[in-house]
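Each remark here refers to the structure printed beneath this line.
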Amino acid sequence: MVRTRFAPSPTGYLHIGGVRTALFNWLFAKRHGGQFILRIDDTDQHRNVEEALAPILHGFRWLGMDWDEGPEVGGPYEPYYQSQRLERYQAAAKQLLESGHAYYDYATPEELDAERQAANAEKRPFQYSRAFMAETDADRAKWEAEGRSAVVRLKMPREGVCAFTDSVRGDVEFQWNKENDHVIQRADGTCLYHLASVVDDYDLKITHVIRAEEHLSNTPRQIFIGQSLGYELPQYAHLPYVAEPGSKRKLSKRKLKDYLKIPEFKRLNDHGAAIAEQINLQTSAETFNPVIVDFYELTGYMPEAVLNYLVLLGWSLDDKTEELTIAEMIENFSLERVTQAPASFDCKKLWAIQDRYMQKMPLKQKTAACLPFLQKAGLVADPAPCEVGPKLTRIIEACGDRLKVLGDIIAYADYFFVADDAMTYDEKAFAKRLGSPEPLALLAKFRETLAAVETWDVPTLDKTMHDFVAAEEIKIGDIIHAVRIGTTGQGVGPGLFDCLDILGKESCLARIDRTLALAAK
Ligand code: GLU
């Protein structure tokens, strides 16, 4: 039975690189009919765990990544929080002490520091002398009488190699003599992360530890702990890190302003930020930017598109396939096809994949998914009046592939939902297209032509304008922009005749009248 886990620390946000790691674990478990477990690494947690975990669980739910065991769902190996498992770690530390794989160390920080400095001065790697390693109860009593306190350290091997086969990296070797005697338990009795992690992986019967590359260097000490405790080791797989767009630098939680120096990233962010502003979202750089999963939900990406993009970060089906449904990902995922090279967070590709998913989304579903954005922007009441649905469907149809994310609907549809006398204008477009007497005169004339139209539909409106252009001996461009601004306030948008049709005759005439009156001021 395959059992994988993702072990987030409750940080208050779900990082996109973390989700990639979680996704690979999730897919691997699903691929093998196994289980995916969420374990909460809160050993060093000072803030409120529930609160800091909520956005992480929310992100998983939005993405549709369910977990078989863990917070909220429980499971046979409870608790799934490290902070509640201290006794297990203390028991493991005791076992390691008893078997001689760990020792009480009474050195003070100053003494250790002196040793470290001496090693530096002699340009040799630091290796603790074990001068204060208590070998007997008498040693302990003596040092304790001096007022010293002890930490528990691993008694790591000092020769030979730690060799293991990693499912991504292949055969890996570490020299034992490069390892320190790592601390596993503090003087106050609390235990350190690496001990906790190994004990938990064993207790939760994890078969495959699939995690970020940065943990590769922690693996020797974890293997030592596991072997010393007599555990059967899990299979390790260290995933390549996710790099910033266009660089080799790790995509980590840098300050947003640093990320914004990367043009592609900035574009993605600005687009999302504009949507956030329209829905009056109080954003913070901490949780609202493209390295955090929330960003995608709030701006209206599709979870399937985000997962599809993420699966390609370090894994591929073959050399060409870019689009995969979740079922296809599950069916085909394998650790053998995970690359070793860093995977670049490619904003353009993410954008392109989202675009494709958006265009494929059935109209009915798109309507339902866009509606909450209009409601959040205050353009449509909640619950929506029944005429909104068909109208919105028509707007979405008219927008065609202009909608890249669901939140884009606000920019394209706002003028369909505001009162005629509350429509706002793009000032630049207004000045450019209606800033002189000729287009205004043409608009006024065309308004009368429209007033006489009896059948208000796209073909009739189209013909009406073309007839007008012919009769006036003007170019279509001389009138079409003026009418668009007069009825929508914007310089660009979906097909004009669709717009006029959706707005209806009464609104179009009222808006043109208002525009002419404003222009006359
Ligand atoms: N809590 C650790 C992290 O977020 C998990 C490490 C592991 O997967 O072993 O990096």
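Whatever order the structure lists them in is the order used to number ligands and atoms, beginning at 1.
- At the top of the distance list for atom 10 (O) of ligand 1, counting protein heavy atoms only, stands His215 NE2, 2.7 Å.
- Cation-pi contact between Arg20 and Phe24: present, with separation from the ring centre below 6.0 Å and deviation from the ring axis of at most 45°.
- Between the side chains of His208 and Ser167, no donor-acceptor pair of N or O atoms lies under 3.5 Å.
- Minimum heavy-atom separation, Thr21 to Arg211: CG2-CA, 3.8 Å.
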Residues 373-380 side chain polar contacts: donor-acceptor under 3.5 Å, at least two apart:
{"from": "Gln375", "atom 1": "NE2", "to": "Ala381", "atom 2": "O", "distance (Å)": "2.9"}

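- Taking every non-hydrogen atom of Asp41 and a distance limit under 4.0 Å, the qualifying atoms of ligand 1 come out as 1 (N), 2 (C), 5 (C).
- When non-hydrogen atoms are compared, ligand 1 lies under 4.0 Å from the side chain of Arg5 (C-beta onward) but not from its backbone.
- Ranking protein heavy atoms by distance to atom 4 (O) of ligand 1, first place goes to Ala7 O, 3.6 Å.
- The closest approach between Tyr193 and ligand 1 falls below 4.0 Å for a heavy atom of the residue.
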- prompt: Where do Asp68 and Lys30 land on the salt bridge (Lys or Arg N to Asp or Glu O under 4.0 Å) test, with the steps shown first?
  reply: CA-CA 11 Å; Asp68 298 293; Lys30 298 249 170 222; 5.2 Å; no

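- The atoms of ligand 1 that sit less than 4.0 Å from any heavy atom of Arg211 are 7 (C), 8 (O), 9 (O).
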